[in-house]
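Single-structure report; data block below.
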Amino acid sequence: MRCLDMSVAAPVKLEPEEGRHRDRDAIIGRRISDLAAMLFSHDDEGLIYASVYRIDEEFTSLSVCMCPDIMSLSELYAIVEKSVNQVHQIAGAKIVSCQEITVKKYKALDKEADSLSRYHSSRHLQLRVNMDYFDDNLFRIRESVIESGKLSKKKAQAEAGKILADKTLYEEIERIYDPINEEKFYGHPVHYRIKTGSGESAMAIVQLIVRMLKSRKRIPSDRITRIFDVTENCYNDNDLKYAIQNAQGTAVAIELCGSKGEHGNYATSYEAVVRDFADLIEKYHHNTLFFFIENTVEPGFSPDLIAKVADFLDIVDIEEGTGTVDDAIAVLHRLIRESKYSMLGDDEDDGIKRYLPKKRQVISYHDIYTAFDEWQAGVLKEKVYRSYQKCRPLEIKKEKTKESAYDRLQNMIGLCDVKRVTDQIISVYKLQELRKKYHLEDEPINRHMIFTGNPGSAKTTVARLLADILTEEHVLKTGCLVECGRADLVGRYVGWTAREVEAKFRKARGGILFIDEAYSLVDDRSGSFGDEAINTIVQMMENYRDEVIVIFAGYTDRMESFLKTNEGLRSRIAFHLDFPDYQAEELWQILELMIREHGYTVADGIREKCLDIFSMACVQDDYGNGRFVRNFLEQALLKQAIRLMPTGEKAIKPSKKKCRELIAEDFDVDLTGLLDEHKKNKSIGFL
C-alpha cells in the first residue's frame with residue numbers, strides 16, 4: 001500500500017449562502033464528509049482509502065492509501081480531482097503536490113481528519129486497526145521514505161563509491177541500468193540478501209538499490225519498512241502480518257540476526273518464526289521487494305529463512321564494501337559534514353583517524369559507522385558539555401576468556417588420532433584459503449569427510465567443535481552445523497527427495513552438513529528414494545564444494561557399504577576419521593570430568609570400583625562409550641538422592657557437603673540393565 005499526502009488547488013468560497021446563517025466550521029466539516037464519502041463511492045473494490053484533513057479557501061488536503069499494483073497514480077489523480085470539483089461545485093481542481101509518507105504519518109493525518117469528518121466506513125475503520133502495529137513488543141519496525149528524483153547510472157555509481165561499495169553492488173548497478181530491461185513495474189524478478197556488519201550499514205545499501213529501481217520505474221513506492229529485533233516468539237502474530245500486508249508495492253528490509261536475548265540454537269528456537277516469515281514472503285513477494293539483512297557476525301536465523309525462501313525466490317547476494325584507511329577518512333569527513341555537529345567537531349584527518357580501527361589496512365563501512373558514533377560522543381564531551389571530559393567509561397570486570405573450540409577439542413579425553421588428523425585438516429584448509437588470497441593456481445581440494453565409529457564415541461561433538469574451529473580460523477563463513485539423518489533427506493513422494501536434500505545444503509551454506517547414520521540411506525533395491533538422496537548428495541557436494549563441508553558419520557562396517565553405492569562418493573571424500581571405542585581408564589577420566597562439571601566430589605575407593613565396572617562394559621558390543629558414562633552417572637545421582645532423601649521417613653535435611661559427595665554405594669548399578677537401556681534408546685550425538 002502506498003501512503004500519500006496530497007494537496008489540491010481548489011478555489012472555494014466558504015462564506016454562508018445569502019439568506020442563511022451557517023457556521024463556517026460546519027460548512028467545512030460537511031464538505032470534508034461529502035468528499036470522503038464521494039471518494040469512497042469511486043472505490044467499490046477496496047482500492048483506495050482517503051482521509052480529508054483540511055479545506056481552506058485555496059487548497060484541499062487529504063491523505064490517501066492505495067494499492068499501486070491495481071490503481072495507477074494517474075487514475076488516482078483523476079478520481080480525486082473529479083471528486084473535489086463535484087463537492088465544491090467548481091471546475092479546474094488540480095493536484096499541485098503529492099508526496100509519499102509513512103504509514104505512521106498516514107495514521108496521524110487520518111486521526112486529524114477523524115475529528116473533522118462525520119463520515120466513516122467500516123472498511124476504513126478496519127484499516128486503522130490493521131495499521132496499529134508500531135508498539136508490538138515481538139518485533140520493532142521503522143519506516144523511511146527515500147530521497148525522490150531521477151538517479152542516473154553515473155550518479156548511482158558515485159553514490160556507491162561513497163559507501164565503499166563491494167563489487168557485488170557494482171555488478172547489480174550494471175544489471176539495473178541495463179537497457180535491455182523494460183522501465184516499468186511488472187513485479188520483482190529478484191530479491192536481495194545484504195551481508196554486512198550492522199543494520200545501519202545494510203540500510204545504506206538498501207536505500208541506494210531502492211532509489212535506483214525507482215529511477216528505472218521498477219518499484220512504484222519510495223517507502224522502506226525496516227523490521228528488526230525479531231524475537232523468537234514472533235509467530236502467529238497479526239501485527240507482523242499487517243505490517244507486511246501494508247507494505248505491498250514497497251520495499252521491506254528484514255534483519256535476520258534476531259533479538260538480543262539468549263536463544264541457543266536458532267534453528268530450533270526460531271523455527272516457527274522462519275515458517276511464518278516464509279509464508280508471508282511467499283504470499284507477497286511478487287509485488288513487495290524483500291531485503292534479507294544478514295549480520296556477518298551474528299547471522300541468527302538467516303541460514304534457515306534463506307534456505308526456506310530460496311525455493312520460490314531468486315536472491316542476489318550483496319556484500320558489504322571495504323576500503324583503505326584513506327577511503328575511510330574520506331567517508332568519515334562526509335558523515336561529519338552532513339551531521340548536526342559539523343560546526344563543532346574536529347574534522348582534521350589526524351583528529352578523526354583515532355576513531356578508526358587500529359593497525360588495520362582494510363576497513364568496512366560498518367567500522368566507519370562505529371567510528372562516526374564514537375566521534376559524535378566525543379564531540380558532545382569535548383565541545384558541548386566539557387565538564388564531562390574527565391569522565392571515563394565504567395570499568396566492568398571482564399569474565400574469564402572463553403576457551404576456544406580448538407582448546408576444547410585438545411582437552412577432550414582420548415581421541416589422539418582424531419586430534420592429529422584434525423590438525424592436518426585445519427592446516428590444509430588454512431593453506432588453501434591463503435593460496436586463494438594470493439591468487440595462486442591450485443588444484444581444488446575436496447573438503448568433505450567421513451567419521452566412523454560406534455555410538456557415543458564423540459563423532460557429533462567433534463563435528464560441532466570442527467565447525468567452530470574452522471570458523472575461528474576464517475575457513476567457514478557462518479560456522480553453522482546442520483545435523484540430519486535419513487528422515488530429513490528422503491521425501492515421502494516422488495520428486496520430493498532432491499528438493500529436501502538441496503534445501504539442507506542451502507541451509508548449511510558457509511558451514512557443515514553433518515549426515516548421521518548415513519548408511520541408512522542405502523536401500524535394498526535400486527532406484528529407491530534412498531538412492532535418489534545419495535545421488536543428489538553427490539551432485540550437491542560438487543555444486544556447493546566451496547560453501548559446504550559434508551561429514552558422513554556412522555558405524556565403521558556399514559559405512560563401507562554406503563561408500564560403494566555411488567562411484568563418485570568415495571572420490572569426493574578427502575578425510576577419514578575413525579573414532580575408536582574408549583578404554584576403561586578413558587571412561588574414568590570422562591566420568592571425573594562430568595563429576596567436576598556438575599559440582600560433585602567422590603569419596604575414596606570409587607576410582608577402583610568404577611574401573612572394574614568400565615572394564616566389564618568395554619568388552620561388550622556397542623556399549624555406548626561416552627553415553628554409557630553419562631547414563632552411569634545419572635544412575636549414581638538417583639541412588640544418592642534415594643540415600644539422602646528416603647521416602648516414608650522423617651526428612652532430615654542433609655548438609656551441603658553431603659549433597660555434593662558421591663560414595664561407593666551410589667555406584668552399585670545394574671550393568672546389564674544399563675547396557676540394555678542404551679541399546680533400546682540409541683540417538684544421534686555424544687552428550
Working note: Ser615 + Asp612, criterion side-chain hydrogen bond (donor to acceptor under 3.5 Å, both in side chains); need CA distance, chi angles, decisive distance, verdict.
CA-CA 5 Å; Ser615 296; Asp612 289 341; 5.4 Å; no
Exercise. Is any NZ, NE, NH1 or NH2 atom of the basic residue among Asp516 and Lys459 found under 4.0 Å from an Asp or Glu carboxylate oxygen of the other?
Worked result: no
Does any part of the side chain of Arg226, heavy atoms only, come nearer than 4.5 Å to the side chain of Arg140, both counted from C-beta? no
**OP:** State plainly whether the residues Glu542 and Arg572 are in salt-bridge range, i.e. N to O under 4.0 Å.
**Re:** yes
From the list Ile315, Val309, Leu305, Leu256, side chain to side chain contact (heavy atoms under 4.5 Å, CB included) with Arg193 holds only for Ile315
Do the side chains of Glu661 and Lys658 get close enough for a salt bridge, i.e. N-O under 4.0 angstrom? no
Query raised in the report: How about Glu586 and Leu415: do any of their side-chain heavy atoms sit closer than 4.5 Å?
Result: no
Does a side chain donor of either Asp367 or Ser364 reach within less than 3.5 Å of an acceptor in the other side chain?
-> yes
Using the six-membered ring of Phe632, assess whether NZ or CZ of Arg630 lies under 6.0 Å from its centre and within 45 degrees of the ring axis.
no
- Under the ring-ring contact (aromatic ring centres under 6.0 Å, His included) rule, what do Phe552 and Phe562 come out as? Steps first, then yes or no, please. CA-CA 10 Å; Phe552 300 100; Phe562 166 71; 5.2 Å; yes
Is the shortest distance from a Lys or Arg side-chain nitrogen in Arg643 or Asp666 to a carboxylate oxygen in the other one below 4.0 Å? yes
Close side-chain approach of Phe451 to Phe579, heavy-atom, < 4.5 Å: yes
With the side chain counted from C-beta on, respond yes when Val550 and Phe505 share a heavy-atom pair under 4.5 Å apart, and no when they do not. yes
**Asked** Quick check: does any side chain N or O of Glu320 sit under 3.5 Å from a backbone N or O of Ser201, one acting as donor and the other as acceptor?
**Response** no
* Asked: Should Arg464 and Glu483 count as an ion pair when the cut-off is N to O under 4.0 Å?
  -> yes
So CD1 of Ile426 and CG of Leu470: to nearest 0.5 Å the spacing works out to 6.0 Å
Taken to the nearest 0.5 Å, the spacing of Asp668 CG from Lys639 NZ works out to 6.5 Å
A side-chain contact here means heavy atoms from C-beta on lying under 4.5 Å apart; do Asp423 and Arg420 qualify? no
Problem set entry | Worked check of side-chain hydrogen bond (donor to acceptor under 3.5 Å, both in side chains) between Tyr235 and Asp279 | CA-CA 11 Å; Tyr235 56 91; Asp279 289 344; over 6 Å; no
Query raised in the report: With distance as the sole test, does Ser457 use its side chain to make a donor-acceptor pair with the main-chain N or O of Pro580 at under 3.5 Å?
Result: no
message: Please determine whether a side-chain nitrogen of the Lys or Arg among Arg408 and Asp468 lies less than 4.0 Å from a carboxylate oxygen of the Asp or Glu.
response: yes
How about Glu255 and Val230: do any of their side-chain heavy atoms sit closer than 4.5 Å? no
With a 4.5 Å cut-off on side-chain heavy atoms, are Met412 and Thr461 touching?
yes
Exercise. Got a donor-acceptor contact below 3.5 angstrom from the His191 side chain to the Phe291 backbone?
Worked result: no
Could you check whether any side-chain heavy atom of Met541 comes within less than 4.5 Å of a side-chain heavy atom of Arg545, counting everything from C-beta outward?
no
- [ ] Flag yes if more than 12 heavy atoms outside Lys195 fall under 6.0 Å of its NZ atom; otherwise flag no.
- [x] yes
Check: Phe301 and Tyr270: ring-ring contact (aromatic ring centres under 6.0 Å, His included), yes or no, with the steps?
Finding: CA-CA 7 Å; Phe301 60 98; Tyr270 272 73; 5.0 Å; yes
query: Do any N or O atoms from the side chain of Lys308 and from the backbone of Arg275 form a donor-acceptor pair under 3.5 angstrom?
result: no
### Message
I'd like to know if Lys507 and Asp304 make a salt bridge, using a cut-off of under 4.0 Å between side-chain N and carboxylate O.
### Response
yes
Do Thr196 and His366 have side-chain N/O donor and acceptor atoms under 3.5 Å apart?
no
| field | Arg447 with Glu547: basic N within carboxylate O range, under 4.0 Å | value | no
